Visitor: 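The following block contains the structure, expressed as structure tokens.
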Amino acid sequence: DAGVTQSPTHLIKTRGQHVTLRCSPISGHKSVSWYQQVLGQGPQFIFQYYEKEERGRGNFPDRFSARQFPNYSSELNVNALLLGDSALYLCASSSGTLETQYFGPGTRLLVL
Amino acid sequence: GEDVEQSLFLSVREGDSSVINCTYTDSSSTYLYWYKQEPGAGLQLLTYIFSNMDMKQDQRLTVLLNKKDKHLSLRIADTQTGDSAIYFCAETETNDMRFGAGTRLTVKP
């Protein structure tokens, strides 16, 4: 079985631009969570979606938004990019909101 | 807010045991996890323990939980060079996981 997949693997943007990151969960998993990992730190929780509804949100500004599709895949959108948004963005899937999370390889975003 | 703390570095010789420690502050944590991250990669789930357990063993990995002291440890027996990576402790009560900053394990031949 395929694990969690994310696209693209790498991305370079400039300040003020918009970015969309994509995630496909493990087959059968209905929950997707997004995390931001800045270099040298642990991941920070951004969002969790379950059955297309937002079930949790971390301490991130409104520039960050996400959605989940009927096939349980998800997109993370970030508007008005700042230099500080440069990070590894990790997607994790789980069968339910409180179940063990399995992570994808991440999308590395560089904002110049 | 709740914090998860880990020592930043650990260096051991190949064949020795490694012990990575973690402390957390949220007494209502339900599950505690250990993840491994190799350079340029995502997080690989190693093991987890439910908060009503005090020990879990899985092949070379042993997790010890002291709920009174809010202390979690991961012991890797017979550490190999392939175990060199960053190890993250994480805890969860609801739907968001809180991670430590990670312990960089270096295994010397």
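Residue numbers start from 1 in every chain, and the chains themselves are labelled A, B, ... in the order their sequence lines are given, proteins ahead of strands. All values below come from the heavy atoms of this structure, side chains included, with hydrogens, waters and symmetry mates left out. Everything quoted here is computed from the prediction, not taken from an experiment.
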Visitor: In plain terms, say whether B/D3 and B/R98 are close enough for a salt bridge, that is, a side-chain N and a carboxylate O under 4.0 Å apart.
Guide: no
Visitor: Given that the side chain runs from C-beta out, which part of B/L45 has a heavy atom under 4.5 Å from chain A: side chain, backbone, both or neither?
Guide: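 Just the side chain, heavy atoms under 4.5 Å.
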Visitor: Identify which part of A/Y50 has an atom lying under 4.5 Å from any heavy atom of chain B, answering side chain, backbone, both or neither.
Guide: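 For A/Y50, no heavy atom lies under 4.5 Å from chain B.
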Visitor: Just give me the residue among A/R108, A/Q37, A/Q41 that pairs up with chain B most often, heavy atom to heavy atom, under 4.5 Å.
Guide: A/Q37
Visitor: Side chain from CB out, backbone as N, CA, C, O: work out which of these in A/L88 comes under 4.5 Å of a heavy atom of chain B, or both, or neither.
Guide: side chain
Visitor: Quick one: does B/N66's side chain get under 4.5 Å of B/D54's, heavy atoms only?
Guide: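 B/N66 does not reach B/D54 side chain to side chain.
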Visitor: Looking only at the side chains, is there a donor atom on one of B/Y24 and B/E91 sitting less than 3.5 Å from an acceptor on the other?
Guide: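 No donor-acceptor contact under 3.5 Å links the two side chains.
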Visitor: Checking B/Q44 against chain A: side chain, backbone, both or neither under 4.5 Å from a heavy atom?
Guide: neither
Visitor: Just say parallel, tilted or perpendicular for the rings of B/Y48 and B/Y33, cut-offs at 30° and 60°.
Guide: tilted
Visitor: Give, as side chain, backbone, both or neither, the part of A/T100 having an atom under 4.5 angstrom from any heavy atom of chain B.
Guide: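 Interface part for A/T100: both.
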Visitor: Just say parallel, tilted or perpendicular for the rings of B/Y31 and B/F50, cut-offs at 30° and 60°.
Guide: tilted
